[in-house]
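Here's the structure, in structure tokens; my notes come after.
Labels below follow one simple rule: chain letters A, B, ... track the order of the sequence lines, proteins then strands, and each chain is numbered from 1.
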Amino acid sequence: MADQFDLECRDVVKKFDAFTAVDSISIAIPKGSFFSILGPSGCGKTTLLRMLAGFQAPTSGDILINGSSVLGVPPNRRPVNMVFQHLALFPMMNVAENVAYGLKRRGVDRSTIEKKVNDTLARVGLPDSGPKQISQLSGGQKQRIAIARCLVLEPAVLLLDEPLGALDLKLREHMKVELKQLQNEIGTTFVYITHDQSEALVMSDQVAVMNAGRFEQVGAPQDLYYSPQTAFVAGFVGESNRWKGTVGKTQGDQIVINLPTGGSVVASRVVHPELSEGQTVDVFVRPEAIAIDGQGKTDNAIGAKVENVLFNGAASSVQVRDSATGHEMTVALPQTGAFANLKAGDTVNLTWAAEQTRCFAKSEKQGAAA
Amino acid sequence: MTTSTGKAGAMRVGALLLAMPLLLWLFLLVILPHVDLLLVSLRERISYGKYEFSLINYIEFFVEPLYWNTYVRTAVMSLMATVLTLMIGFPVSYYIAKVMRGKGKNVLFLLCLIPFWVSELVRTFGWMILLRESGVISNFLQWAGIADGPIEMLYNDATIMVGLVYTSMLFMVVPLVSVLDSLDDSLIEAGYDLGGNAFTVTRDIVIPHAMPGIASGCIVVFMLTLGNYLTPNLLGGKDSLWFTEQIYTQFITRFNWESGSAFGFLLLVLSSLIVWIGLKLSRQTLSETVS
Amino acid sequence: MSKKHGALRGSLLGLTALAGMVMLGQTAQAEELRLLTWGGYVPDDVVAEFEAETGIDVEVTLSNNEEMISKLRATGGGGFDLAQPSQDRIASAQLEHNIYKPIDLSKIDASLFIPSMLEATKANTTLDGEVYGVPQIWGTDGLVLNTAEASTVKDYIDLCSDEVAGKVSYRLRRPTLIAFAFSMGMDPFAAYNDEAAYQEILDKVEAKLIECKPNVKTYWEGSDSLLNLIRSGEVVAAMAWDAGGWTLNNDNPDMNFVAPSSGALGWVDTFAIPRKAENEEAAYKWINFVMKPEIAARITAASSYYTASNGASSLLDEAQRKQFETSFPQEALDNINWYPPVPAGLEAIEGKTLDRVKAAQSN
């Protein structure tokens, strides 16, 4: 069993004095997968990663790599390598020396080092860059060298600490694809931490959403998006319109959620069999689930006034205000260009199916973290 | 056209005026005295108030082994003091810059500064009170039963070395702390992550990064040590033999300004030469080191 | 343009006037006497009394013979209004560096001085018929001993004996060379004007001092640090000034000044006026003030230094007179070797000798 997982955490806890940074995390990461840990800054994901790399020791719990515990094993003896947030390439060495550094420390002979370095540089698409100085590289090239420097050591697990954070947007989009491709080709297990949901969703086989030291939900990107299990995940992964409300009467398949502002939202009893009357809930509806002046299901129907048109090509949306409750909402515009003429001040009818409404019984913790 | 050149001219005059204090300072307080020193060093006293051009002062230096020995001894001791200061200062600086966090860091840094709140003379006398035969340490050792009789710890080369290293420490620690502060922690962690140990990470990453700081610290410490007068003189006693002492003696007790000037010049040559060699060996440039 | 210049000139004039006024103000409000002297020669209460009597502020700078000459040489005789070099170091320094101006003897009350000492000093400091120094304080170089532990030391040369090994101190200065020469049975003063003979003496002294170096704890520089070394017991025998020995004797009867058998070396420190002195009048006032018997006696009481003031010794208390007589029985007094004026250039030869002694390794 154990060798199916490159990396396993069992009830890992890390406390700094009274503060618990990582609160009994247990995961098993399958061999060869791209695993992301997604969470806001301060959620404990960096601490978790540093424990995996060996820079910090867990307060309790166990970490296993290739099936054996690495507690007490220093970072230089662990079969994991890390790509740092700012890459941490050694400016005092050239590219080849950077890549060769780990091999040299292992006492690999000179000719093998040279061969492996060249192979690895070719694999990341930068052959012949060996003699270059680090300062001569572009942002994307540095990225690739940082990865090459780890890959050349053939680690069981490659840890990546928000390595795209420092890049500009365009390059970041490009590197997302490249990283995923690279991981596909080489088959090394990647553990990638980020606060950018788009990075996590695009690249990962599995994503763990982390909040306040705990995993809220672990699953495929689609699961997280379409079936969030906590209010935090619903709010953090993807855009959502959000209300607070109280569960009211059930009418057939539909549950009415009363909003404090006077209006109400309808949810589906099939989706939410657990809700009971009088519960306080957080209510989420994705912008793209709402139709403008459309057909389809009209379990929820709202008249609203357009306040802003946010044109962004395929990702365009409008900000509207509910005429009855004054609640502000975001609605995605269909990509057909049907509403290209919509402008501020227009009145629109918004509709969505009861199944699209997600409710989460309110708990103090989740409410605060979102 | 004419107006623009006029403007440029005015700008140039402005820049010149701005640079005036610096130029005056350089000329009046640095260049002029040195030229004077050089001229004085190149003359020989013939009789009362009569002097002639001569290289006798320099020849004297090379012919008389006494001055030579002192010269070489001062250089060697200064180099040793510099290396020792570096060897002690580096771990201290690393600890301050990389291990300590928050308040403790400032406190430690201040502790390094404290000895400099009193003058060098007072500091040196402090050492004398500690180390002399009837001093604190000697008495303590006798009281603790470790020593049978009073121990004289003053007036030897080891004591001079201790005093010099102590006096120089701050000048090594300050540039080292600032250069180590600028070293991204993740570079060190990356070094470990890639399989390095404490020794290889220090050798391959920390020291290359700190090289400008090491060079500037060493230059300052070396110059200060070479030019130190009080510490070797007071702690070294009858065998101190420091070249600045020799210069002082020539000027003040021998009234021999000519050979004192020549010695001064030779000291300048020595320090420039050694600093130059040091920069060459460490592949640093002076401009890098100074900035 | 011209207007601008006018304004500029105006403001410059204003500045000059202001500066002038400031300077006038300064001289008017504080007349000053800048005194270059030795430690212990000017007790605070004497300065205070002088300031009260004359309204002249005294600014004291402590120094020694070599530094005094160096300081005055550097400024061409400026920066001070009155200096106190030893009588034997005046004529050569004046000849070489021209740093003093002749003393106007008419402004000095000769009756305040012991006549023989005044005459001897005048003779030794005369150059081209002009007198450059008058005596203030005299004393001797000899042995300061902790007699309980260094009873075998009778002469300078005994400082090199095994009985006091490691517990000896002396200065590495010219008086030490002279003292050892006498102690070794030679007469350096007689060879003053014969460079070759003097060199020969120096070579012998040099050999002796190098041989003696392991015996030496440290070469002392300031008399305070020497007294500390003796008080703490780290040094039991030293060549030093008589006054230092008497100061120690006040606290510990075992410690005292002993005139060595080859004779103490007598020195006289003088008043000399630097060539660029700005307040000569104050300098003469000071001389006539401190030479008054009651003031001179107070200086001696405070510092143990004897003065050339006529009649001061009769004002001293019994204990101090007794101390003096113990150290200087009549034959020892007669045996004092008084320094003759140092010929110029001699210091250079001596310097080499001292350098070589300093450089010799003792262990």
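Expressed to the nearest 0.5 Å, how far CG of B:Leu187 lies from NE2 of A:His86 amounts to 11.0 Å. The CG atom of A:Asn76 sits 8.0 Å away from the OG1 atom of B:Thr200 when rounded to the nearest 0.5 Å. With values rounded to the nearest 0.5 angstrom, A:Phe90 atom CZ is found 3.5 Å from B:Ile205 atom CD1. B:Asp193 contributes atom CG, which lies 5.0 Å from atom CZ of A:Phe84 (distance to the nearest 0.5 angstrom).
Heavy-atom contacts from other residues, nucleotides or ligands closer than 6.0 Å to CG of A:Asp168 number more than 12. Heavy-atom neighbours of B:Phe116 CZ from other residues, nucleotides or ligands within 6.0 Å: above the threshold of 12. No more than 12 heavy atoms of other residues, nucleotides or ligands lie within 6.0 Å of CZ in A:Arg77, so this atom counts as exposed by the packing criterion. Around atom NZ of B:Lys98, more than 12 heavy atoms belonging to other residues, nucleotides or ligands sit under 6.0 Å away. Taking a 6.0 Å sphere around CD of A:Glu178, one finds it holds more than 12 heavy atoms contributed by other residues, nucleotides or ligands.
Neither the backbone nor the side chain of A:Pro155 comes within contact range of chain B, judged by heavy atoms closer than 4.5 Å. Both the backbone and the side chain of A:Met82 come within contact range of chain B, each with at least one heavy atom under 4.5 Å from a heavy atom of that chain. Residue B:Asp185: no heavy atom, backbone or side chain, is found under 4.5 Å from chain A.
Interface with chain B: from residues 102-113 of chain A, residues A:Gly102, A:Arg105 qualify, criterion being any non-hydrogen pair under 4.5 Å. Residues from residues 45-59 of chain A that place a non-hydrogen atom less than 4.5 Å from a non-hydrogen atom of chain B comprise A:Arg50, A:Ala53, A:Phe55, given in numerical order.
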B:Asp204 and A:Met92: CA distance, side-chain angles, deciding distance, side chain to side chain contact (heavy atoms under 4.5 Å, CB included) verdict: CA-CA 8 Å; B:Asp204 300 336; A:Met92 58 291 279; over 6 Å; no
